[in-house]
Amino acid sequence: MTAAIVGVHGIWNRRRGETPEQAAETLSRIWATHLATALRRAGGGASPPDVSVAYYADLLVKSGRQGAGDDLDHLDPSETEFAHQWLDTFDLPRGVAAGESTVEVRQAVETLARMRLLGPPATRWFVAGFCREVPAYLKNPDSPARAVARARVTDAIEGTGARVVIAHSLGSVVAYEALWARPDLRIDLLVTLGSPLALPHAVLPRLRPAPIDGRGARPPGVARWANLADPGDIVAVPRGGIGRTFEGVDTDEHTVIGAFDFHFAKNYLAHQRLGEILNSTL
């Protein structure tokens, strides 16, 4: 396979001890392995695809931040606000997520875990990362980190000549904004996986360019947009697909990716349905 693919990673991809260049190389090898599995499952080529992952996780680290993992009790005010805006998209029992404190965030996450039959510790760990990294990117529309993250995506596209972009989780937000910022870049296929783009209060209103009357649109340089989401993915909400909120989504499917590992990139990247979508383009 000669076609180049640019990948854009999601949350929980900070690689300590590696430079951004080394981290990008490591993730590129990991993504190539998973995508080769997807293509093989879909009856495609046996050779690993040429993948270059645009790495930006180092840009989202807050200086002096203490704690890691299950850190819900130490969210700052903007992260706590984001958490409540996100949790409001779920049909939680009345009053569970109504307050403003991190204690109430923890209560809501515990309730969500029980409702979705998820392990509470893993859910807390996951939500802590989501509520730190996504606001770190979206909080300031003019932040240098946000601009550099977008530039790393477009630099990877230009440097490889890639015509396919695969973006997972928060990476779909970064890729969306990057492609809008550079409409001169021509992309045959954008694939978003487990995307939070359509979150009505936490993400959608903060996008650049801003939605018009609550709706976004496919970046002008993108010929085709495919979106895949696991029905149980607590990031890829609201249910029904992002096609209800964004114009120009050609394929918008809810497909079971993993019974419990519903959001992890490895399961999306190795899934047969993604291989089928790629085989129709590469």
Side-chain angles (χ1 to χ4, degrees), residues 9-18 23 26-27 30-31 34 57-58 60-62 64-138 168-173 193-196 199 201-203 228-239 254-271:
H9 66 77
I11 64 172
W12 285 114
N13 272 286
R14 176 81 190 286
R15 301 193 66 84
R16 292 176 174 82
E18 296 182 11
T26 299
L27 288 175
I30 293 171
W31 277 48
H34 294 317
D58 59 305
L60 306 182
V61 178
K62 183 182 294 186
R65 188 67 180 253
Q66 300 295 319
D70 180 7
D71 197 21
L72 290 175
D73 291 334
H74 298 92
L75 298 177
D76 70 21
S78 66
E79 294 163 350
T80 302
E81 179 186 11
F82 174 87
H84 283 290
Q85 290 173 339
W86 167 60
L87 289 164
D88 281 346
T89 62
F90 298 98
D91 187 20
L92 298 177
R94 183 179 299 275
V96 168
E100 298 179 354
S101 72
T102 56
V103 173
E104 288 154 332
V105 170
R106 178 176 287 274
Q107 178 191 8
V109 170
E110 296 280 351
T111 301
L112 178 62
R114 289 195 300 271
M115 289 173 58
R116 296 296 186 95
L117 303 179
L118 304 173
T123 305
R124 291 194 299 268
W125 172 85
F126 174 82
V127 171
F130 185 66
C131 292
R132 285 197 302 267
E133 295 189 42
V134 180
Y137 178 80
L138 289 173
H168 173 246
S169 184
L170 173 58
S172 66
V173 177
L193 306 171
S195 175
L199 284 173
H201 306 295
V203 174
L228 294 179
D230 189 299
D233 194 330
I234 59 175
V235 168
V237 290
R239 292 188 178 187
H254 276 70
T255 302
V256 175
I257 303 298
F260 300 101
D261 294 340
F262 49 80
H263 187 71
F264 289 104
K266 63 181 181 179
N267 296 325
Y268 276 107
L269 294 172
H271 200 272

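Remark: R132 CZ to L75 CG distance equals 7.5 Å, nearest 0.5 Å. For the atom pair SG (C131) and CD1 (I11), the distance works out to 8.5 Å, reported to the nearest 0.5 Å. Rounding to the nearest 0.5 Å gives a distance of 7.5 Å between CD1 of I234 and CZ of R116. For the atom pair Q85 CD and T80 OG1, the distance stands at 11.0 Å (nearest 0.5 Å). In this structure, NE2 in H84 is found 8.0 Å from OG1 in T102, a value given to the nearest 0.5 Å. Within the model, atoms NE2 of H254 and CG of D230 stand 8.5 Å from one another, a figure rounded to the nearest 0.5 Å.
Between G194 and D233 the shortest heavy-atom distance is CA-OD2, 3.5 Å. Closest approach of T111 and P93 over heavy atoms only: CG2-CD, 3.6 Å. Closest of all the heavy-atom pairs between L112 and F90 is CD1-CD2, 3.8 Å. Shortest non-hydrogen contact noted between H271 and I257 is CD2-CD1, 3.7 Å. A236 and A229 get closest at one heavy-atom pair: CB-CB, 3.7 Å. The two residues S169 and S172 have their closest heavy-atom pair at O-OG, 2.7 Å.
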- Task: Could you please spell out the steps behind the side-chain contact (heavy atoms from CB on, under 4.5 Å) verdict for V203 and F82?
- Result: CA-CA 9 Å; V203 174; F82 174 87; 4.2 Å; yes

- Do W86 and V127 pass the side-chain contact (heavy atoms from CB on, under 4.5 Å) test, and can you show the C-alpha distance, the side-chain angles, and the key distance before you say yes or no? CA-CA 10 Å; W86 167 60; V127 171; 3.6 Å; yes

- Kindly indicate, with the supporting measurements, whether the criterion side-chain contact (heavy atoms from CB on, under 4.5 Å) is fulfilled by L269 and H168. CA-CA 9 Å; L269 294 172; H168 173 246; 5.9 Å; no

- Task: Would you check, one step at a time, whether the test side-chain contact (heavy atoms from CB on, under 4.5 Å) holds for V173 with L170?
- Result: CA-CA 5 Å; V173 177; L170 173 58; 4.1 Å; yes

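Remark: D58 does not engage R14 in a salt bridge, criterion side-chain N to carboxylate O under 4.0 Å.
Considering only residues two or more places apart in sequence or on other chains, H9 meets the ring-ring contact (aromatic ring centres under 6.0 Å, His included) condition with Y55, Y56.
Side-chain contact between E79 and V134: absent, with no pair of heavy atoms (C-beta onward) separated by less than 4.5 Å.
Ring centers of F126 and W12: at least 6.0 Å apart, outside the cut-off.
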